[in-house]
2 protein chains.
Amino acid sequence: MTKEASLKFHMSMGMLINSAHRAMTKRFVQNAMKSGLDISLDQWMVLGPIWQLESASQKELGEITLKDKTSITRLVDILEKKNLVVRVEDQIDHRIKRVILTNAGKQLFFDVLPIMEKTREEVRKDISDQDIETFKKVLSSIIVNLEDEKDKPS
Amino acid sequence: MTKEASLKFHMSMGMLINSAHRAMTKRFVQNAMKSGLDISLDQWMVLGPIWQLESASQKELGEITLKDKTSITRLVDILEKKNLVVRVEDQIDHRIKRVILTNAGKQLFFDVLPIMEKTREEVRKDISDQDIETFKKVLSSIIVNLEDEKDKPS
DNA sequence: TCATATTAGTTGCATATGTAACCATAATTG
DNA sequence: CAATTATGGTTACATATGCAACTAATATGA
């Protein structure tokens, strides 16, 4: 029995997702560290959209990353402490805080891109495109299956 | 474009796993809470093997759940604080601590089984067995792809 | 317009994890 | 057999998350 088969046989889906998730975040951080970059996968998940949108409210970041507003607050705290982003109060709606990249943040974004690509390749090694497609489809279904009632569009 | 398609289109694999993982742990805890049971998914992941093995060392628990020994220490701390398990020093090798269920732990184990099943059904809703198989296969491959060099059998 | 509700974001408390340093107890070997 | 190494487990520090309660600001509507 191969190691994969053994794992598949013994472990529940929940345990497998749990382990795969931890392994991926761990590897990303390790790869970044090897290149002298100090950033976590979750921090990157927020940094990317900020770059793409030029300026994003924390609410928008939460919607894009599917993260709780509480998590966004604290991730932005960390990014701000690292001088990668700054919060700017929206001029019209004073409840909103727009997050924008500093020059250091922009620099880091480009530095991390190849790390991301390297990690992606390590993760996908020997897995067919077809299986990856099915994999992503199932993940999307799970996310939709488990959506909070209260968050569902009425 | 359906919500699934939209998710699949926009989100990277890492983000999808991240979100699915969080959604599953969240739903499990919510389902348990609705039934008046106070246990997290990770606590359950440890409790199950203890039941199966009757008595397990923390090292064994780590191997089974693919969790770090540090995580096991702390999960067992919590389970012990909740009076669900007790640590017993191994009579032969005094470094080893065997973890066994209390009566309350055994009771909880059986109470949680239907919660587990309910959550499992909610997660898998409208996903074919075939796709689940592929899904688990891919997860196992990812875990193997990302295994630490130092942990690999020589 | 004034009271109420909603929205965006923050904070405190609890759980979960990784890393590294640490302790105590075996096991190894010079 | 004594010194060294390896093993099982714990602890401190940092990151990440959920929930609930909170603040400040905007929107709603009687």
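Letters go in sequence order (proteins before strands), and every chain restarts at 1.
Atom pair A/Leu61:CG and D/dT17:P shows a separation of 13 Å (rounding to whole Å applied). The nearest whole Å value for the distance from the CZ atom in A/Arg27 to the C1' atom in C/dT17 is 17 Å. Distance, A/Leu66 CG to D/dG18 P: 11 Å, rounded to whole Å. In this structure, B/Lys67 atom NZ and D/dG8 atom C1' are separated by 19 Å, rounded to whole Å. The interatomic distance linking B/Asp90 (CG) with C/dA27 (P) rounds to 11 Å, in whole Å. Atom CZ in A/Arg87 sits about 12 Å away from atom C1' in C/dA8, given to the nearest Å. One interatomic measurement links the two molecules: CE of B/Met45 to P of C/dT15, which rounds to 17 Å at whole-angstrom precision. Distance B/Gln58 CD to C/dT17 P: 14 Å, rounded to the nearest Å.
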Atom pairs, N/O to N/O, protein against nucleotides 20-25 of chain C, distance under 3.5 Å?
none

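A residue-by-residue look at A/Thr25 and A/Lys97 shows that A/Lys97 has its nearest nucleotide of DNA chain C further toward the 5' end.
Listed candidates were D/dC19, C/dA8, C/dT10. Nearest to the side chain of B/Lys26 is D/dC19. Here C/dG9 is the nucleotide among C/dG9, C/dG18, D/dG9 with the atom lying nearest to any side-chain atom of A/Ile96.
Using a cut-off of 4.0 Å between Lys/Arg side-chain N and Asp/Glu carboxylate O, B/Asp77 and B/Arg87 are scored as salt-bridged. Classification of A/Arg22 and B/Asp68 as a salt-bridged pair fails, no side-chain N sitting under 4.0 Å from a carboxylate O. With salt bridges taken as basic N to acidic carboxylate O contacts below 4.0 Å, one links B/Lys118 and B/Glu122.
Evaluation of the side chain to side chain donor-acceptor pair (under 3.5 Å) test over residues 45-55 of chain B, restricted to residues two or more places apart or in two chains, returns none.
In this structure the side chain of A/Val29 never reaches within 4.5 angstrom of the side chain of A/Thr25, judged on heavy atoms.
Nearest approach of B/His21 to A/Ile17, heavy atoms of both residues: CB-CG2, 3.7 Å.
Criterion: ILVMFWY side-chain heavy atoms under 4.5 Å apart, direct or through other members. Under it, A/Leu47 and A/Val86 are not part of a common hydrophobic cluster.
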Checklist entry - Under the salt bridge (charged side-chain N to carboxylate O under 4.0 Å, His left out) criterion, do A/Glu133 and A/Lys137 qualify, and how do the steps go? => result CA-CA 6 Å; A/Glu133 276 314 295; A/Lys137 187 183 70 180; over 6 Å; no
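For DNA chain D, the residues of residues 71-82 of chain A within the heavy-atom distance limit of 4.0 Å (strictly under) are A/Ser71, A/Arg74, A/Leu75, A/Ile78, sorted by number.
Residue contacts shown for B/Glu60 are absent, as no nucleic acid heavy atom lies under 4.0 Å away.
B/Arg27 and B/Asn31 share no donor-acceptor pair across their side chains, judged by distance under 3.5 Å alone.
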